[in-house]
Amino acid sequence: MGKIRAVIVEDDFRVAEIHEKFLNKFVEIDVIGKALNAKQMIRILEQKKPDLLLLDVYLPDKLGTDLLPVIRQKYPKIDIIMITAAIDQEILEHALRYGVEYYLIKPVKMERFYQTIEEYLNKSQLLQTKRDLDQDFVDLIFRKNFPTKENKGSLLPKGVDEITLTKVRTVLEMSDTGLSAEQVSVQIGASRTTARRYLEYLISVRECKAEVVYGVVGRPERRYCKI
């Protein structure tokens with residue numbers, strides 16, 4: 001899968017720069033443009049045809065939600081994440097009707113921002129896989145993991161999603177000697193911090209164990225393997 005081409009639409013240039021720096025931490029994403037208003041956004045969309053749009057609602061020349069019908073008509077495949085201070089329910093319902101992927105309310109905590117982008121990337125990667133559809137796969141795509149009597153007591157903690165967890169489990173199962181958090185991060189396409197969070201979660205539920213390995217030089221390394 002090639003890099004996801006992203007455009008940021010935000011009337012405050014300082015906030016736009018923060019969003020750009022944040023997205024640049026993801027190797028899968030390439031920020032190809034920033035717009036301070038609707039007019040700039042339309043020009044960038046026409047010229048660069050991005051895959052992902054981070055869209056604010058309160059732009060100086062037009063509401064971001066009023067732009068949604070135009071965007072959907074001309075660029076039906078573009079993914080949209082709204083990041084806004086708008087808390088009007090009608091605006092939220094409008095965003096849902098036009099297929100907005102995520103709706104983040106300002107001020108957005110970096111942890112929440114990170115989780116959203118990570119989930120979006122996981123879903124994008126999952127959609128690239130070639131496999132027969134079944135309900136489990138569809139539920140992962142639509143995030144419809146409803147609690148049942150069987151799984152009600154095993155809901156995942158905050159910051160751990162099923163898609164990434166499945167990736168980590170698969171990587172560990174394929175290794176005979178154990179892996180470091182950095183090795184796991186490379187194989188699942190996420191940061192080392194994220195990989196370590198999932199690995200430590202698997203330890204907490206006794207699906208994984210860790211051993212300290214001492215090399216010839218450098219600091220001792222923590223390696224993880226399936227139990």
Side-chain angles (χ1 to χ4, degrees), residues 1 3-10 15-31 50-57 64 78-87 91-92 95-96 99-129 136-147 151-152 154-172 181-182 184-205 207-208 224:
M1 183 178 72
K3 282 197 171 186
I4 292 172
R5 294 155 49 83
V7 167
I8 298 166
V9 185
E10 165 62 56
V15 174
E17 288 179 356
I18 291 172
H19 291 170
E20 181 179 19
K21 289 179 181 177
F22 177 78
L23 290 180
N24 284 337
K25 294 180 180 180
F26 294 87
V27 296
E28 304 93 337
I29 297 177
D30 185 16
V31 178
D51 308 300
L52 174 64
L53 187 67
L54 269 62
L55 179 63
D56 193 7
V57 170
I78 195 169
D79 295 320
I80 303 172
I81 297 176
M82 301 207 81
I83 305 178
T84 176
I87 55 174
I91 289 178
L92 173 61
L96 289 171
V100 169
E101 291 281 332
Y102 297 93
Y103 192 102
L104 300 179
I105 298 175
K106 295 178 181 178
V108 183
K109 293 182 179 179
M110 282 298 102
E111 181 183 355
R112 183 68 182 90
F113 200 165
Y114 189 95
Q115 181 185 354
T116 297
I117 298 301
E118 196 171 57
E119 285 185 7
Y120 168 74
L121 291 174
N122 286 337
K123 184 163 70 172
S124 297
Q125 187 176 13
L126 200 60
L127 285 169
Q128 299 298 316
T129 61
D136 290 339
F137 181 82
V138 173
D139 286 348
L140 283 176
I141 296 297
F142 283 91
R143 307 293 300 168
K144 299 296 186 183
N145 298 313
F146 296 112
N151 66 22
K152 208 167 188 178
S154 60
L155 295 177
L156 296 176
K158 184 177 180 180
V160 175
D161 72 84
E162 187 63 42
I163 298 174
T164 305
L165 189 59
T166 300
K167 290 183 186 177
V168 175
R169 284 175 173 144
T170 302
V171 167
L172 289 178
E182 185 170 2
V184 172
S185 73
V186 171
Q187 294 195 45
I188 68 172
S191 69
R192 184 169 57 180
T193 301
T194 297
R196 185 180 295 112
R197 180 168 71 246
Y198 281 82
L199 290 165
E200 294 297 332
Y201 167 74
L202 289 176
I203 288 177
S204 72
V205 295
E207 289 188 35
C208 170
Y224 300 83

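The structure presented is a predicted model; accordingly, all values stated were derived computationally and were not measured.
Scanning both residues, Tyr114 and Ser191, for their nearest heavy atoms gives OH-OG, 2.8 Å. Shown here for Leu172 and Cys208, the closest heavy-atom pair between the two residues is CD1-SG, 4.0 Å. Contact between Tyr103 and Ala86 at its shortest, heavy atoms only, is OH-O, 2.9 Å. For the residue pair Gly189 and Glu28, the shortest heavy atom distance occurs at O-OE2, 2.5 Å.
Between Arg169 atom CZ and Thr164 atom OG1 the span is 11.5 Å, to the nearest 0.5 Å. The distance from atom OG1 of Thr116 to atom CD of Glu111, rounded to the nearest 0.5 Å, is 10.5 Å. To the nearest 0.5 Å, atom OG1 of residue Thr170 and atom CD1 of residue Ile188 are 10.5 Å apart. Separating the CG atom in Leu52 from the CD1 atom in Ile81 is a distance of 5.0 Å, to the nearest 0.5 Å. Between atom OG of residue Ser124 and atom CG of residue Asp79 there is a gap of 6.0 Å, rounded to the nearest 0.5 Å. Between Leu54 atom CG and Phe22 atom CZ the span is 9.5 Å, to the nearest 0.5 Å.
One side chain, Glu119 or Gln115, offers a donor N or O that lies under 3.5 Å from an acceptor on the other. Side-chain atoms of Glu207 and Tyr201 include no donor-acceptor pair closer than 3.5 Å.
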**Message:** Show, in sequence, the C-alpha distance, side-chain angles and deciding distance for Leu23 and Ile8, and conclude whether the side-chain contact (heavy atoms from CB on, under 4.5 Å) test is met.
**Reply:** CA-CA 10 Å; Leu23 290 180; Ile8 298 166; 4.1 Å; yes
**Message:** What verdict does the side-chain contact (heavy atoms from CB on, under 4.5 Å) test give for Thr84 and Asp56, after you've listed the backbone C-alpha separation in whole Å, the side-chain angles of each residue and the deciding distance to 0.1 Å?
**Reply:** CA-CA 5 Å; Thr84 176; Asp56 193 7; 3.4 Å; yes
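At distances below 3.5 Å, at least one donor-acceptor pair connects side-chain atoms of Tyr198 with backbone N or O atoms of Asp161.
Aromatic ring centres of Tyr102 and Tyr120 lie farther apart than the 6.0 Å criterion allows.
Leu96 CG: more than 12 foreign heavy atoms inside a 6.0 Å radius.
Using a 4.5 Å heavy-atom threshold, the side chains of Ile83 and Glu10 count as separate. Side-chain contact between Thr194 and Ser185: absent, with no pair of heavy atoms (C-beta onward) separated by less than 4.5 Å. Looking at Leu202 and Leu165, their side chains come closer than 4.5 Å, going by heavy atoms from C-beta outward.
Salt-bridge formation is detected for the pair Arg197/Glu118: a Lys NZ or Arg NE/NH1/NH2 atom is positioned less than 4.0 Å from an Asp or Glu carboxylate oxygen.
Under the side chain to side chain contact (heavy atoms under 4.5 Å, CB included) rule, Ile29 has a single partner from Asp51, Ile117, Asn24, which is Ile117.
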